**Student:** 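A single structure is presented below for examination.
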Amino acid sequence: MIQIENLRKTYSGRPVLNGLTMDVKDGEVYGLIGRNGAGKSTTMNILCGLLKRDGGTVLINGKDPAGGEQVPVGYLPESPALYEYMTGYEYLSYIAASAGYTGDLKKRTGELLELVDLTGAAGQRIKGYSRGMKQRIGMAAALYSGHNLVVLDEPTSALDPQGRAEIMEIILRLRQMGKTVLLSTHILSDVERVADRVGILNGGLIQEQDSIGNLLKRYADPIISFEAACDQPGLCEKLKKLPFCQNVSQNGPYYFVWYTGDQNDANRALFQFLNEKHILVNRYQLHMATLEQVYLKIIGQR
Amino acid sequence: MKQLKAGIKKDSIELFKTYRIYIFALGFFLFAVLDPLMMFLLPRMMEALGLNLSIFELAARLQSMALSSYAGDCTQTGMLAMLLAMLSAAGGDQKKQSCVIPLCAGMKRETYIYSKFIVYPVTAGACGFFGYWLAYLVSFFLFEVKVPLGEAAMLALALAAFSIFVCSVMLFLGCSTGKAGISAVILFFALTIVGSVLTMLERNQYNPLALQSILTGVSSPIDLPNYLTGLLTALILWPLLALAAAQIFKRKKII
């Protein structure tokens, strides 16, 4: 669906994109993550034909958005500026005509309003909408126009938790519908929830691009922690000798074990060891690896 | 064509729902009623104050004086109101980036501009044309010395063409630069200064600004060569400015 190779962009001599290469496959939700100012919005604006690139190749379904032929993209900017004097229905009708939609306008608009839970507010002026509602009508507009590709630039950054949850729910529905979604954000828990693959943007380059599962396998440090019932002198050293153990740290009765390999195997082996040594445990916890750990590790490595 | 229709509908909704149409109408129709009334009542008020000036006495009888006063107010205060009402349409939406979503959706950039160049100048032209007739109607019943109907029709057309011209220049400057406020200020002063300079230099042929002096003059008959060439130039410049603005907007960086 999207192929970007060696994309470069400079603002007043300051390079923002330094040869970015990434690809988004048909029907996937791709999360583009990176710190503020990393170049996420710049990449999206180039993709939507709103900004000119300095070099590299950008193709959407084989077409260059900067070429003569217009490549329609369903784009929702970070703070979407809508025609606030229009009602939600009027706005979607206008976007439908802009996108050259030829089907049953009333039916399709109704479906989209239902998808974004705005059926009841369709007749209200957008001016009276809450921020979350504006974001949702913007998403509906992006769906009208984007055919199969929807580009969402930080759609949840200014929303409250409920608004964020609603937007994430819509993205999950889009994935079920087979739409291709390119989502940029710095809220990693959002990406973790909906994305099939992520690209980590840092220093104007995609540092890593893979499925979340693979990234977690490759980068996350899994930890098991437990609270020993009584003082166990020399336990840290004994734990360090275990074959799966990478590192151990202690804070009073609390022990943190970094392990390698399969979580179940490590878990079983640690239990067996504690049992053999007759060490009583008050609390025991498996810490799930997060995308945030992966992200910080990758960003920190560079 | 479907996109153009949608654009016209959107700009028309904008015109009505943002109450701009009322500012347009106020600029043109309020003066159409007030100016003839003022011209009619002023000598009587002067008389009541004990001032008996022959110029006021004369003005009280001439319909052309009332229409000239109306045209003067329209081409100054009315135009200013119109320019201010158009700020958002002429570049303000680029600044706010509200055009981003429709343009990404597939709206052609030139169509986005053309719809503005249809809705706003047509509205301005219609307000000018009907405003002049309203002023004619009100003044017709108040003044003894009437302006011939044919001459009034020509002047109504002149006000319509002048309004269309000013509106088109505003849209061109605003849409090309994306700076509507500055464009409005520059245009307002340019209308006054350039118009006066060209009149002083007697460059009135093919000069749409000369329509202003024809409208505010009280001489009859109308200077036909200047009138016709000015009117034609104003109307020809309208689509030309739309084409030029569209070409500039096509190459313009929006974000």
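In what follows, chains carry the letters A, B, and so on, assigned in the order in which the sequence lines appear, proteins first and then strands, with residues in each chain numbered from 1. Please read these numbers as outputs of a predicted model, since none were measured by experiment.
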**Student:** Around atom CD of B:Gln247, are there more than 12 heavy atoms of other residues, nucleotides or ligands at under 6.0 Å?
**Tutor:** yes
**Student:** Pick one of side chain, backbone, both or neither for A:Glu84, based on which atoms fall under 4.5 Å of a heavy atom in chain B.
**Tutor:** neither
**Student:** Check whether any side-chain heavy atom of A:Tyr94 lies under 4.5 Å from a side-chain heavy atom of B:Lys9, and answer yes or no.
**Tutor:** no
**Student:** What pair of heavy atoms forms the shortest contact from B:Cys99 to A:Tyr83, and how long is it?
**Tutor:** CA-OH, 3.8 Å
**Student:** Crowded around B:Phe188 CZ? As in, over 12 foreign heavy atoms under 6.0 Å?
**Tutor:** yes
**Student:** Do B:Lys17 and A:Lys127 have side-chain heavy atoms sitting under 4.5 Å apart?
**Tutor:** no
**Student:** Heavy-atom distances under 4.5 Å only: say whether B:Lys5 touches chain A with side chain, backbone, both or neither.
**Tutor:** neither
**Student:** Decide if atom CD of B:Gln76 counts as having more than 12 heavy atoms of other residues, nucleotides or ligands within a radius under 6.0 Å.
**Tutor:** yes
**Student:** Is it true that, when you exclude B:Tyr206 itself, more than 12 heavy atoms of the residues, nucleotides or ligands shown sit nearer than 6.0 Å to its OH?
**Tutor:** no
**Student:** Taking CZ in A:Arg173 as the centre, count heavy atoms belonging to other residues, nucleotides or ligands within less than 6.0 Å. Is the count above 12?
**Tutor:** yes
**Student:** Would you say A:Gln124 has more than 12 foreign heavy atoms packed within less than 6.0 Å of its CD?
**Tutor:** yes
**Student:** Of all the heavy-atom pairs spanning A:Gly49 and B:Arg109, show the shortest one and how long it is.
**Tutor:** O-NH2, 4.3 Å
**Student:** Taking atom CD1 of B:Ile13 and atom OG1 of A:Thr87, what is their separation to the nearest 0.5 Å?
**Tutor:** 7.5 Å
**Student:** Would you mind checking which part of B:Tyr112 comes under 4.5 Å of any heavy atom in chain A, side chain (CB onward), backbone (N, CA, C, O), both or neither?
**Tutor:** side chain
**Student:** Who wins among A:Ser79, A:Ala96, A:Ala81, A:Ser41 for the most heavy-atom pairs under 4.5 Å with chain B?
**Tutor:** A:Ala81
**Student:** Strictly distance-based, threshold 3.5 Å: is any side-chain N or O of B:Lys10 a donor or acceptor partner for the main-chain N or O of A:Ile95?
**Tutor:** no
**Student:** Out of B:Lys108, B:Gln97, B:Glu14, return the one with the most heavy atom pairs under 4.5 angstrom to chain A.
**Tutor:** B:Glu14
**Student:** A quick test of your reading: do over 12 heavy atoms of other residues, nucleotides or ligands sit less than 6.0 Å from CE of B:Met154?
**Tutor:** yes
**Student:** Around atom OH of A:Tyr11, are there more than 12 heavy atoms of other residues, nucleotides or ligands at under 6.0 Å?
**Tutor:** yes
**Student:** Could you tell me which portion of A:Tyr91 (side chain, backbone, both or neither) has an atom closer than 4.5 angstrom to a non-hydrogen atom of chain B?
**Tutor:** side chain
**Student:** Minimum heavy-atom separation for A:Ser98 and B:Gln3, please, with both atom names.
**Tutor:** O-NE2, 2.6 Å
**Student:** Quick one: CG on A:Leu76 to SG on B:Cys104, what's the gap to the nearest 0.5 Å?
**Tutor:** 10.5 Å
